[in-house]
2 protein chains.
Amino acid sequence: MTGSEKGPRERMVFSAAQLIRRDGVGATGMRDVAAHAGAPRGSLQHYFPGGKEQLVNEAVAWAGRYAGRRVARFVAGLAEPRPSALFAAMTGQWTEEYETTGALTGCPVAAATVDCAAAAASTREAAAAAFAGWRGPVAEALTGMGVPAERAEPLATLMISSLEGAIIMARAEGGVGPLTTVARELGPLLDAAVAPGDGEGAGA
Amino acid sequence: MTGSEKGPRERMVFSAAQLIRRDGVGATGMRDVAAHAGAPRGSLQHYFPGGKEQLVNEAVAWAGRYAGRRVARFVAGLAEPRPSALFAAMTGQWTEEYETTGALTGCPVAAATVDCAAAAASTREAAAAAFAGWRGPVAEALTGMGVPAERAEPLATLMISSLEGAIIMARAEGGVGPLTTVARELGPLLDAAVAPGDGEGAGA
DNA sequence: CAGCAACTATGACGCCGGTCATAGTAGCTC
DNA sequence: GAGCTACTATGACCGGCGTCATAGTTGCTG
């Protein structure tokens, strides 16, 4: 979560993602990003000659990669590799953040999509790539748990959609209710998609 | 969809919702709203002395009421009153918009949440109220279709979460794929929640 | 040390945002 | 027609934004 010992460029991308997911793209200023990253303001134009759009796009890409890696780590750490457990871990990431920090921030990819999809084509594509780079590992994990290949991608889409929507509702309500609800309601359906007698599927 | 014959105040609220759901709150200017509504700029401070925050909050509230009424109309128009059919109608609203206009815009409530939840408490509460006013009719419809009362609200939350998330993914991808996927994958689960032999439930 | 590249530092510019101030115009009542 | 209220009309203000220009600093290479 920290990433405070990387280079200034990476820190700025990271900070941009943090601020965007909290305040949205429009309300996140370049100066804010530099200040949050503890980076010199002059470095912005040096590392991101493409301006804010480039910075936002890289923040989105970073978030996509992070989410994908996170899924892989979740899968590796599950006691019982069932789809519902993976989904619970995914939603749990946000409920834990709320319990730890007391605040609920959103997903930078969702924020960038909401704020830029209609105006900036490059950001829209970055968001699409980020979602793809997130959906891929989820689908892969599902097949590894015994979900038939043709259902893995659709179910991964359903999982991410439900999670994103629940995050938004939870932020609006100021509580994690929607996150836990979605995890509870969707879990059984996900587990039911595992091919019979295939609780331990073929690995990756 | 038009609402062009109402008073200027209502037109401005409507226009605000339209612009917010396309560009987000930050990128939507007050002058833009007045222009889009064909309303005089001077009316803004007259009808919305609370400034932009008030206008945004009313747009969110309007969207919530609209969604709730829409659900009621969907239910009334369904050939077979199954939960999956209601959900298909809800997602279909967005796919149809895409096929008609060629563009995919988002949900104003989601946009307001993403952009304002951390900064403006009143907007966060307006969004929560809007979601509640949307979830209520959905849950009501589910019970009317035979879903046990204790499962109606959770399933309504799941439906709206999935829809909101799918809208975002669809906007990012530039296609309705996620919307149709979510409708197809979630439908069976929803129908399975109908109490056995209770396809035609007690009405509202 | 010269020279060059990478990076940092800062001030200025132009633009656009929300808001305020101040008139101006209906349209109605008396 | 006076007077009041509701609404409209504009221009100005101030602040913040992203961006640019320009100069200063490292720090390595030769």
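We name chains A, B, ... by the order of the sequence lines, and we start the count at 1 in each one. Only this structure's heavy atoms are used, side chains among them; waters, hydrogens and symmetry mates stay out.
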What integer distance in Å separates [X]:[atom1] from [N]:[atom2]?
| X | N | atom1 | atom2 | result |
| --- | --- | --- | --- | --- |
| A:Leu44 | D:dA21 | CG | C1' | 16 Å |
| B:Arg9 | D:dT8 | CZ | P | 12 Å |
| B:His46 | C:dT19 | NE2 | P | 17 Å |
| B:Lys52 | C:dT19 | NZ | C1' | 12 Å |
| B:Gln54 | C:dG18 | CD | P | 15 Å |
| A:Tyr47 | C:dT8 | OH | C1' | 9 Å |
| A:Met30 | C:dC13 | CE | C1' | 16 Å |
| A:Phe48 | C:dC7 | CZ | C1' | 13 Å |

Legend entry - Working for side chain to side chain contact (heavy atoms under 4.5 Å, CB included), residues B:Glu164 and A:Met169: CA-CA 9 Å; B:Glu164 288 285 5; A:Met169 290 184 75; 5.6 Å; no

Legend entry - 5' precedence on DNA chain C between A:Gln45 and A:Arg31 (nearest-nucleotide basis): A:Gln45

Look up atom [atom1] in [X] and atom [atom2] in [Y], then write down how far apart they are to the nearest 0.5 Å.
| X | Y | atom1 | atom2 | result |
| --- | --- | --- | --- | --- |
| A:Thr91 | A:Glu96 | OG1 | CD | 9.0 Å |
| B:Cys107 | B:Ile167 | SG | CD1 | 6.0 Å |
| B:Glu153 | B:Thr143 | CD | OG1 | 9.5 Å |
| A:Thr105 | A:Glu97 | OG1 | CD | 3.5 Å |

Legend entry - salt bridge (Lys or Arg N to Asp or Glu O under 4.0 Å) contacts in which one or both residues fall within residues 27-56 of chain B, not counting sequence neighbours: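 Sorted pair list comes back empty.
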
Legend entry - Neighbours of DNA chain D within residues 113-123 of chain B, by heavy-atom distance under 4.0 Å: none

Legend entry - Strand contacts (DNA chain D) in residues 32-42 of chain B, 4.0 angstrom heavy-atom criterion: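 Heavy-atom contacts with DNA chain D come from B:Pro40, B:Arg41, B:Gly42.
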
Legend entry - Ring centroid separation A:Trp94 to A:Tyr98 under 6.0 Å: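 No, too far apart.
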
Legend entry - Presence of A:Ser43 side-chain N/O under 4.0 Å of C:dT8 phosphate oxygens OP1/OP2: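 For A:Ser43, the contact criterion (side-chain N or O under 4.0 Å from OP1 or OP2 of C:dT8) is met.
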
Inset, instruction - Given side chain to side chain contact (heavy atoms under 4.5 Å, CB included), test A:Phe48 with A:Met30 step by step and report yes or no. - result: CA-CA 11 Å; A:Phe48 308 97; A:Met30 302 285 274; 5.5 Å; no

Inset, instruction - Decide yes or no for A:Met159 and A:Leu142: does some side-chain heavy atom of the first lie under 4.5 Å from some side-chain heavy atom of the second? - result: yes

